[in-house]
Each structure stands twice: as structure tokens, then as C-alpha cells.
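None of these values were measured; they are calculated from a predicted model.
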Amino acid sequence: MTKLKPKRYEELLEPLEEELVSMSRWAAETGQRILVLFEGRDTAGKGGVINAIADRLNPRQCHVVALSKPSEDERKQWYFQRYAAHLPGAGEITLFDRSWYNRAGVEKVMGFATDRQVQDFLKATPQFERMLVDDGILLFKYWLTCDQEKQEERFAERLDDPLKQWKLSPIDQAARDKYSDYTKSREAMLKATHTQWAPWTLVDFNDQRTGRLTLIRDLLDRLPDTKIETAPIEWPQLGHKPHKEKFGVLKPIPGYPVD
């Protein structure tokens, strides 16, 4: 696969961003609830595609959910409870950076969940998602694929970049020896939870820029016609000479030296 150049990527992304803004306006005006789950291997590019979707949208409407490991109290709750608290309301878009599928992925592979817990999860999840869809939520589930060679390149890039080292964790290091185990867990998860009402979509993210475009295009194509005619905004002339800032009690701090 030829790696997509940044300039060409931006050119292709711009019309999709316009469609995303139109989609968000449609959701707000019609009260639709849109829920998108992003799963996949470490370094696949979940954060990048989530940022590409959310970047141009109103943060009061579009919410990104990336939960940390459960607290002691949360471990005693119904498994789906802490996720249900973040489901979208009317007119909202919620993007889960990992989701309840942690139980079928990292928790299973790394031994954080028992076999019984995993099997109970795989049995309950289609029913849980059926309730969401039957209640009117538009649910989309994406799994981002990535070859291990590309994954190792991205781990090395994070290791060498002080601005990205925070993304590395002991779990990432341990998972390097469990690439095949993650594959087996994914296939078991797909077999149990790829349903007519909540199907999975796999997207190749070996080239992350192409992957983002592919996923966003698919998401937009699977939504109803989201075009909303907007009335022109009347913006009268100011009517006077623009004012300048005036300061009394405090003054702005010195500007950053750019020369």
C-alpha cells in the first residue's frame, strides 16, 4: 500500500469534514443519537480517526469517551453501567475510544477477566446492543486492523518521541508477545457480537491517513440523508469604528518571543 501524502490527505479530508458538520447539524435538529465505537490493536490509530471526526464539530455536541480502568466501586457494578452513563442524548454524537469490548480484548488476553466473565459478556452484549438500537440509537462499531510490523514501527516512533512516550504502557509492552492471542480473541468476539442490528466493520489502518478517510466515508454513507438546508445568516455592519481593548486592574502578560 502506497502511503498517502499529508497534502493529498488534507485535500481528501476537507469535503468529508463538510459532510461531518452537516451530519452534526442534522443530528442536532432531528434529535438523533449517534454512537460510534472504536476498537483495534494498540497503535492502530483510534485516537487519530476520532480526532479527525471530532475536530470540526461542536464539543458540546460531540463527546469523546476514553475511560480509564474501572475503580473498585465500578468493578462491583453491572459491567455495562459505567459505559451506559456516557450514552448520547438527543442530538448528541458520542465517540468511544475503546468501549465495553475491553472485556473481549485486553481483559481476556491479559488475564484481567475470567473465562466465565468473558463468556457472559459475549452472551449479554448482543442483547445490550439490541436494546440500544431498539431505543433509537444509531450504533456503529469499527475495529481498526494493523499488521505487527507496522505496529512495531509505531511503538518505536513513540519510544523515540518525548511527546508520544505517554502513550506507552506496561500493557503495550506485554501485548507485543500476544499479537496472535489478540487475533483469536477478536475472531471470537466477532463471531458472538457481529449481528444484523449491530454489525462490525473492519478497516485497514496500516496506512492511518487512508484508514481515516475510509472509515469516515463509510460512517457517512451508512447514515440517512443528513443534508439540512440552512437559512442564510444575516450579519449587519458593526455601525461604528471597532473598539480597542482597554485595561485597568490588570494588563495582559508579555507576548511570547517569536523573533
Side-chain angles (χ1 to χ4, degrees), residues 1-66 86-99 101 132-133 136-147 150-151 153-154 157 164 167 194 197-233:
M1 176 186 292
T2 303
K3 191 171 183 178
L4 186 62
K5 301 295 185 183
K7 183 177 180 181
R8 180 59 177 157
Y9 165 71
E10 293 296 337
E11 292 172 351
L12 294 171
L13 179 63
E14 185 174 356
L16 296 179
E17 289 179 323
E18 293 178 4
E19 289 189 58
L20 286 168
V21 170
S22 179
M23 177 271 290
S24 69
R25 187 181 302 117
W26 165 79
E29 293 198 15
T30 61
Q32 296 289 340
R33 293 170 289 164
I34 300 172
L35 174 61
V36 191
L37 311 186
F38 298 87
E39 297 288 344
R41 299 187 186 277
D42 296 320
T43 79
K46 295 178 289 296
V49 69
I50 289 172
N51 289 338
I53 293 172
D55 186 50
R56 300 293 185 181
L57 304 185
N58 186 340
R60 295 183 180 87
Q61 178 193 18
C62 181
H63 309 290
V64 177
V65 179
H86 298 276
L87 294 175
E92 293 182 338
I93 303 162
T94 300
L95 312 176
F96 270 94
D97 186 347
R98 297 196 183 276
S99 66
Y101 281 98
L132 300 182
V133 173
I137 289 178
L138 300 176
L139 172 61
F140 303 92
K141 304 188 301 188
Y142 289 99
W143 211 94
L144 283 51
T145 73
C146 173
D147 295 335
K150 186 61 65 175
Q151 187 182 49
E153 290 178 11
R154 293 170 186 168
E157 179 185 344
K164 293 184 178 181
K167 294 184 177 183
H194 178 62
W197 55 90
W200 278 99
T201 301
L202 272 60
V203 185
D204 184 345
F205 262 69
N206 280 301
D207 178 48
Q208 291 179 331
R209 297 187 188 104
T210 300
R212 290 172 204 155
L213 298 173
T214 302
L215 190 153
I216 294 171
R217 180 72 272 162
D218 180 81
L219 175 62
L220 290 168
D221 286 345
R222 290 166 62 189
L223 288 165
D225 183 3
T226 61
K227 186 175 182 180
I228 295 288
E229 296 295 335
T230 57
I233 300 175

Fill in: Salt-bridge contact E11-R8 (side-chain N to carboxylate O under 4.0 Å)
yes
Practice prompt. Taking the side chain as every heavy atom from C-beta outward, state whether W143 and L202 have any pair of such atoms under 4.5 Å apart.
Written response: yes
Item to complete: Evaluate the side-chain contact (heavy atoms from CB on, under 4.5 Å) criterion for residues T2 and D207: first the C-alpha distance (whole Å), next the side-chain angles of each, then the deciding distance (0.1 Å), finally the verdict.
Response: CA-CA 8 Å; T2 303; D207 178 48; over 6 Å; no
Worksheet, complete the sentence: Closest heavy-atom pair, W197 versus V133, reported as atoms and distance to 0.1 Å, is O-CG2, 3.6 Å
Response to the item:
Note: D147 and N206 closest approach over all heavy atoms is N-OD1, 2.9 Å
Worksheet, complete the sentence: What one should report as the nearest heavy-atom pair of D42 and R98 is OD1-NH2, 2.8 Å
Worksheet entry | Straight-line distance of R212 CZ to L4 CG, nearest 0.5 Å | 10.0 Å
Worksheet item: Can you list the steps and then say if F140 with I34 is a side-chain contact (heavy atoms from CB on, under 4.5 Å)?
Response: CA-CA 8 Å; F140 303 92; I34 300 172; 4.3 Å; yes
Worksheet item: L20 and A52: which non-hydrogen atoms are nearest, and at how many Å?
Response: CD1-O, 4.2 Å
Fill in: Donor-acceptor contact below 3.5 Å, side chain Y101 vs main chain K141
no
Practice prompt. Rounded to the nearest 0.5 Å, what's the gap from OG1 on T94 to CD on Q61? Could you check?
Written response: 10.0 Å
Worksheet item: What's the shortest heavy-atom distance between L223 and M23, and which atoms?
Response: CD1-CG, 3.5 Å
Practice prompt. Look at the side chain of Q208 and the backbone N and O of A44, then say whether any donor-acceptor pair between them is shorter than 3.5 Å.
Written response: yes
Discussion item. Donor-acceptor pair, distance only, cut-off 3.5 Å: does the side chain of D218 make one with the backbone of T214?
Written reply: no
Discussion item. Within this structure, what is the CD-OG1 distance for the pair E153 and T43, rounded to the nearest 0.5 Å?
Written reply: 9.5 Å
Worksheet item: What are the two closest heavy atoms between I93 and L95, and how far apart are they?
Response: CG2-CD2, 3.9 Å
Worksheet item: Could you give the distance from CZ (R56) to CG (L13), rounded to the nearest 0.5 Å?
Response: 8.0 Å
Discussion item. Please report the interatomic distance CD(E39) to NZ(K46), rounded to the nearest 0.5 Å.
Written reply: 7.5 Å
Worksheet item: So R217 and E19, side-chain contact (heavy atoms from CB on, under 4.5 Å) or not? Walk me through it.
Response: CA-CA 9 Å; R217 180 72 272 162; E19 289 189 58; 2.8 Å; yes
Practice prompt. Would you sort out whether N58 and S24 count as a side-chain contact (heavy atoms from CB on, under 4.5 Å), showing the intermediate values?
Written response: CA-CA 8 Å; N58 186 340; S24 69; over 6 Å; no
Item to complete: Would you give the length of the straight line joining atom CG of L215 to atom CG of L220, rounded to the nearest 0.5 angstrom?
Response: 9.5 Å
